Enquirer: 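Dropping the structure in here first, questions after.
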Amino acid sequence: MDERLKDLTDAQRDAVLHVEGPLLVLAGPGSGKTRVVTHRISHLVDVGVSPRNILALTFTNKAADEMRIRAEQLVGRSGLQVSTFHRFCARLLRGYAPQLGLESNYSIHDAADTDRAIKRVVKRLRVPTDICSLERIHKGISWAKNNLIEPDNFAATSKIAVADIVEKVYKAYQSYMRESNAVDFDDLLMHVALLLRDNPEIRADLDARYKFILVDEYQDTNLAQYAIVRALSVDYPNLSVTGDPDQAIYGWRGANLNNILDFETDYPDVKVVRLERNYRSTQRILSVASTLIAHNIRRKKKSLYSENEQGPPVRLVTYPTQLDEAMGIGERITELHRAGRPYRDFAVFFRVGALSRTLEVAMRHYGIPYQLVSGVEFYKRKEIKDILAYLQAIANPRNEEAMRRIINTPTRGIGGKSVERLADHAIGRGMSMRETLEHVDEIPAIKGKSAKSVVQFAETMRKLDGLADQPVEEILGHILTLTKFREQFDEELEEDQQRLANIEELLTAARQSDERAAEVEEVARESGTATGPWISPLESFLEEASLVNETDDWETEVDRVTLMTLHASKGLEFPVVFIMAVEEGLLPHERSKDDEKQLEEERRLLFVGITRAQEDLQLSIASYRDFRGRRRMAVPSTFLNELPREDLEMLYLGSTGSFGTSTLEGFGSRRQGMSGDASLTGGDFDAHYETTDYDHVDTDADEEVFEHTYDDDPDASFDPAMFDTPPPDDVADEEPIDEPTVEPEPELAAKPKKKSRSPKKNGLAGLTTAAELGGDEAKPKKKFKPDDYHQGMIVRHPDFGLGRIVAISGSGKRRTATVNFIEYPGERRYVLFASPLEPAGGVE
DNA sequence: CTGAGGGCTGTTTTT
DNA sequence: CAGCCCTCAG
């Protein structure tokens with residue numbers, strides 16, 4: 001009909017125009033799947049379907065956000081629901097909590113909470129853990145939940161050796177969770193699936209409410225998710241799923257590939273659309289990917305093709321060490337960047353998060369702005385979890401994990417013994433721990449100082465309880481004051497400064513959440529489209545905190561190199577991709593290599609990584625890699641043997657990135673001997689080692705080592721000028737040594753304002769210490785608008801001094817900047833509108 | 001009851 | 001080489 005359909009292919013249009021009945025879209029990588037889905041949503045609306053009746057479910061928040069944004073561009077903000085499975089379930093459960101023995105203010109335990117809770121139960125049951133590890137028990141319970149097996153049916157279904165132990169713990173754990181009015185991640189799905197199974201009226205209502213359901217990444221759904229989706233598509237079987245069996249990488253989490261393979265049997269009249277044309281990658285990249293994935297046995301054959309350019313060969317690079325690997329990648333990025341590629345064009349993938357360390361060092365060395373996706377998650381840091389536990393205890397007084405966490409944090413003289421006595425008392429009376437606080441006088445075992453502390457703590461909690469409906473930021477303020485939370489930290493300690501800063505960031509996050517909550521409420525009130533029960537800002541914030549991780553803050557707008565795990569890369573695309581450490585034991589991971597099924601999943605993982613690349617792809621290995629503190633010789637992944645030689649260019653790069661003699665012969669001869677470890681020791685390798693003394697290089701970083709190592713290398717092919725302007729981190733370390741506590745020099749203050757010829761090189765070079773910018777103080781105090789700030793800008797914070805804006809997003813009141821302070825490592829985020837930041841005059 | 005220190009462990013991917 | 005747990009001494 002309209003313009004929008006014009007640039008779709010026949011197959012795509014086929015899917016887009018499909019309205020009623022089940023639809024299966026088998027979409028290869030880069031085949032325009034998201035476009036199809038969003039256009040289809042828009043088409044549904046065009047033909048008269050109310051957006052209220054459309055539900056789009058994704059696997060990750062990232063995917064949900066993207067889909068929501070793109071769908072809203074087409075249909076506007078219209079009550080369309082785009083959500084992850086978990087969030088959708090969480091919302092649903094708020095409304096139907098009573099049916100499941102919960103209250104609507106239930107808590108969501110994250111993975112760490114779950115571990116603790118299981119441990120607690122195991123302890124309470126006196127189950128010995130030497131026979132069966134906690135992890136094993138956790139896995140067993142999780143498996144059961146993903147497969148909708150309730151505690152009472154466990155014994156009959158499980159075949160594992162320790163089934164009786166798991167069963168026992170599972171039962172006790174579920175009652176513990178119920179008493180705590182809490183659920184874990186797996187419960188979110190299971191509870192909803194069971195709710196739909198056991199309550200026909202509710203199921204029918206929801207089926208009618210969500211007449212059109214779209215599920216993304218269907219190959220990654222587990223049985224519970226399958227059951228949910230199925231239950232909602234009985235009376236209105238307008239279920240459309242998209243997925244690619246070759247991109248199934250969540251088997252370890254209970255995903256069942258059969259869900260997609262058997263879709264056609266589940267829904268007889270299904271329309272199947274195959275999207276096999278790839279618009280993303282060059283022919284060669286695609287050829288490498290297809291050849292690799294063809295080695296999987298359990299697989300539906302699929303032919304990917306592309307009419308794109310052939311492109312350059314895929315680089316297969318061997319570096320002497322992991323440091324060379326990281327530096328080599330850094331160097332190549334720098335080269336390509338100089339040739340005109342923005343940093344956002346690059347991504348580096350790795351199998352395990354631990355590999356990012358060295359990479360970060362290299363990025364910093366080259367002054368490359370980067371974004372590490374899925375680092376140490378903010379909400380998992382101790383101080384943050386502690387404060388969140390207060391919020392949880394306020395929102396849900398029965399949350400025992402939260403209670404235990406806060407009862408002596410900050411320490412107030414209620415030790416382990418007392419806590420256990422409180423817990424025993426609670427169990428004996430069938431009350432929650434929170435309630436026992438009010439009855440310490442009845443517990444003879446707790447007396448004296450301890451008893452007094454408990455009474456005081458009870459009083460504190462009572463005060464906080466009254467704030468439950470207030471904005472989160474305000475509640476947080478009270479928590480911090482009442483508990484003297486900040487006083488447990490020592491401002492002199494760098495570590496503690498970081499903690500204090502994290503707390504500030506939490507406050508910022510709370511403020512943002514409050515704003516959003518207010519907005520949502522307003523919209524709901526105006527349009528009358530409230531989709532569920534009213535949720536307090538507190539509950540909304542907590543839900544977010546447990547369901548969202550930092551990965552989701554990944555910003556595409558910013559010009560930075562992306563570093564992430566292969567898993568996190570799914571669904572994304574980048575012009576230039578590096579996949580590092582394609583080595584045995586890592587990819588495939590050693591825990592997967594014995595099992596053929598798992599091995600195939602590892603292969604799919606690499607397939608996913610490869611197919612993210614649009615133009616330029618490099619796979620690399622390091623001959624030696626430091627792992628678990630030890631230096632090991634690395635063996636190239638068997639997967640590398642499965643790639644088509646004609647599309648590869650094999651290179652040996654020595655230290656510092658100078659090009660080794662390389663080549664096909666070199667790698668080929670090695671490949672012949674690849675079955676044994678020794679294969680990597682021969683040939684031209686040894687020569688490279690002599691140039692650099694890597695044994696003394698500490699990957700953990702001090703820059704001095706790097707300078708020495710790299711600067712002295714005559715073969716260095718990078719621009720030595722880099723060292724004139726070290727990256728920001730270096731500045732703080734070095735400058736004070738040259739000129740300790742000098743008086744500010746007036747000209748220096750002005751310097752950074754000049755625009756540098758080469759943006760990349762300058763950075764903070766002109767700036768040194770906060771003192772030197774003192775000249776700015778003379779300026780009249782001027783209010784800056786949030787939109788005046790931009791990336792690369794140098795700003796000043798009253799406490800942290802000077803820093804650089806490394807990321808920025810949003811606009812107006814919501815404009816948020818991520819700042820790297822010179823003297824305080826790590827990034828901090830600010831909502832500019834409300835932050836004490838001000839421009840310090842200087843742009844990178 | 002607290003804090004420090006030593007020994008132990010276990011180390012994939014994520015909602 | 002972490003981070004965690006437990007033990008031990010104040």
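Just so we're on the same page: letters track the sequence lines, and every chain starts at 1. Treat the numbers as computed from the prediction; the structure is a model and nothing was measured.
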Enquirer: Which part of the nucleic acid, if any, lies within reach of A:K449 when heavy atoms closer than 4.0 Å are counted: base, sugar-phosphate only, or nothing?
Expert: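 Touches nothing.
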Enquirer: Measuring only the C1' atom in each nucleotide, how far is C:dC4 from B:dT13? A whole number of Å is fine.
Expert: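 Looking at atom C1' only, C:dC4 and B:dT13 are 22 Å apart.
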Enquirer: I'd like to check, for A:H567, whether its ring lies over the base of B:dT13 with centroids under 5.5 Å apart and a plane angle smaller than 30°.
Expert: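 So A:H567 does not count as stacking on the base.
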Enquirer: Between C1' on C:dC4 and CG on A:L134, what's the gap in Å once rounded to a whole number?
Expert: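 Atom CG in A:L134 sits about 13 Å away from atom C1' in C:dC4.
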Enquirer: To the nearest angstrom, how far is A:D220 atom CG from B:dT13 atom P?
Expert: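 Distance, rounded to whole Å: 16 Å.
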Enquirer: Across the strands shown, which category fits A:K382 at heavy-atom distances under 4.0 angstrom: base, sugar-phosphate, nothing?
Expert: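 It contacts nothing in the nucleic acid.
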Enquirer: Please answer whether B:dT14 and A:Y250 are stacked, defined here as ring centres separated by less than 5.5 Å and planes angled under 30°.
Expert: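 No; by the centre-distance and plane-angle rule, A:Y250 does not count as stacking on B:dT14.
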Enquirer: Which nucleotide sits closest to the side chain of A:S592: B:dT15, B:dT14, B:dT12?
Expert: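 Closest of the options to the side chain of A:S592: B:dT12.
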Enquirer: Assess whether atom CZ of A:R116 is packed by more than 12 heavy atoms of other residues, nucleotides or ligands within 6.0 Å.
Expert: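 Open.
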Enquirer: To the nearest Å, how far apart are A:W143 CH2 and B:dT14 C1'?
Expert: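 Answer to the nearest Å: 21 Å.
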Enquirer: Under the ring pair (Phe, Tyr, Trp, His ring centres under 6.0 Å) test, which residues partner A:F578, sequence neighbours left out?
Expert: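 Listed in chain order: nothing, the list is empty.
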Enquirer: Expressed in angstrom and rounded to an integer, what is the separation of A:Q456 atom CD from B:dC1 atom P?
Expert: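 That distance rounds to 16 Å.
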Enquirer: For A:N146 and B:dT15, what is the distance between atoms CG and C1' respectively, to the nearest whole Å?
Expert: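 Answer to the nearest Å: 10 Å.
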Enquirer: How about A:Q498 and A:N502: does a side-chain donor come under 3.5 Å of a side-chain acceptor?
Expert: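 Note: A:Q498 and A:N502 side chains meet the donor-acceptor criterion.
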Enquirer: Grab the NZ-C1' distance between A:K139 and B:dG10 for me, whole Å please.
Expert: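 Distance check: A:K139 NZ to B:dG10 C1' gives 12 Å.
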Enquirer: Considering only B:dT13, B:dT15, C:dC5, which nucleotide approaches the side chain of A:A111 most closely?
Expert: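 Shortest atom-to-atom distance from the side chain points to B:dT15.
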Enquirer: Is A:F85 touching bases, backbone alone, or none of the nucleic acid, heavy atoms closer than 4.0 Å?
Expert: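 Counting heavy atoms under 4.0 Å across all strands, no contact is made by A:F85.
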Enquirer: Given B:dT14, B:dC1, B:dT11, identify the nucleotide with an atom nearest to the side chain of A:R591.
Expert: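 That would be B:dT11.
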Enquirer: Would you mind telling me which of B:dT14, B:dT11, B:dC1 lies closest to the side-chain atoms of A:E135?
Expert: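 Of all the options, the side chain of A:E135 is nearest to B:dT11.
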Enquirer: So which one's nearest nucleotide on DNA chain B is more toward 5', A:V419 or A:R87?
Expert: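 Of the two residues, A:V419 wins.
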Enquirer: Please report the distance, rounded to the nearest Å, between CD in A:Q322 and P in C:dC1.
Expert: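 Those two atoms, CD and P, are 12 Å apart.
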Enquirer: Distance-only check: which donor-acceptor pairs under 3.5 Å involve side-chain atoms of residues 242-251 of chain A, not counting sequence neighbours?
Expert:
residue: A:T242; atom: OG1; partner: A:V215; partner atom: O; Å: 3.4
residue: A:T242; atom: OG1; partner: A:D216; partner atom: OD1; Å: 3.0
residue: A:D244; atom: OD1; partner: A:D246; partner atom: N; Å: 2.9
residue: A:D244; atom: OD1; partner: A:K302; partner atom: NZ; Å: 2.4
residue: A:D244; atom: OD2; partner: A:Q247; partner atom: NE2; Å: 2.9
residue: A:D244; atom: OD2; partner: A:K302; partner atom: NZ; Å: 3.2
residue: A:D246; atom: OD1; partner: A:R299; partner atom: NE; Å: 2.8
residue: A:D246; atom: OD2; partner: A:R299; partner atom: NE; Å: 3.1
residue: A:D246; atom: OD2; partner: A:R299; partner atom: NH2; Å: 2.9
residue: A:D246; atom: OD2; partner: A:K302; partner atom: NZ; Å: 3.3
residue: A:Q247; atom: OE1; partner: A:R612; partner atom: NH2; Å: 3.3

Enquirer: May I have the distance from A:L188 (atom CG) to B:dT14 (atom P), rounded to whole angstrom?
Expert: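 Nearest whole value for this atom pair: 18 Å.
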Enquirer: Throw together a table of side-chain donor-acceptor distances under 3.5 angstrom for residues 446-461 of chain A, partners on residues two or more places apart or in other chains.
Expert:
residue: A:S453; atom: OG; partner: A:R412; partner atom: O; Å: 2.9
residue: A:S453; atom: OG; partner: A:K449; partner atom: O; Å: 3.1
residue: A:T460; atom: OG1; partner: A:Q456; partner atom: O; Å: 3.2

Enquirer: I want to verify a distance call: between B:dC1, B:dT12, B:dT13, whose nearest atom is closest to the A:K417 side chain?
Expert: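 Of the options given, the side chain of A:K417 lies nearest B:dC1.
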Enquirer: Looking only at side-chain N and O atoms, does A:T58 offer a donor or acceptor that is under 3.5 Å from a partner on A:E217?
Expert: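 There is no such pair between these side chains.
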Enquirer: Closest nucleotide of DNA chain B for A:L605 versus for A:S418: which of these residues is on the 5' side?
Expert: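 Result: A:S418.
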Enquirer: Is A:K570 near enough to B:dT13 that one of its side-chain N or O atoms lies under 4.0 angstrom from OP1 or OP2?
Expert: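 False: A:K570 side-chain N/O out of range (4.0 Å or more) of B:dT13 OP1/OP2.
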Enquirer: Who passes side chain to side chain contact (heavy atoms under 4.5 Å, CB included) against A:K139, sequence neighbours left out?
Expert: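 With sequence neighbours excluded, A:K139 shows a side chain to side chain contact (heavy atoms under 4.5 Å, CB included) to A:E135, A:R591, given in chain and number order.
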Enquirer: Polar pairs (N or O, both sides) under 3.5 Å between protein and nucleotides 2-4 of chain B?
Expert:
residue: B:dT2; atom: OP1; partner: A:G413; partner atom: N; Å: 2.8
residue: B:dT2; atom: OP2; partner: A:N408; partner atom: ND2; Å: 3.2

Enquirer: Once side-chain hydrogen bond (donor to acceptor under 3.5 Å, both in side chains) is applied, do any residues pair with A:D386, and if so which ones, sequence neighbours excluded?
Expert: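 Applying side-chain hydrogen bond (donor to acceptor under 3.5 Å, both in side chains) to A:D386 gives A:K382, A:R405.
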Enquirer: Determine whether any donor atom in the side chain of A:R351 lies under 3.5 Å from an acceptor atom in the base of B:dT13, or the reverse, and answer yes or no.
Expert: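 Per atom types, the contact qualifies.
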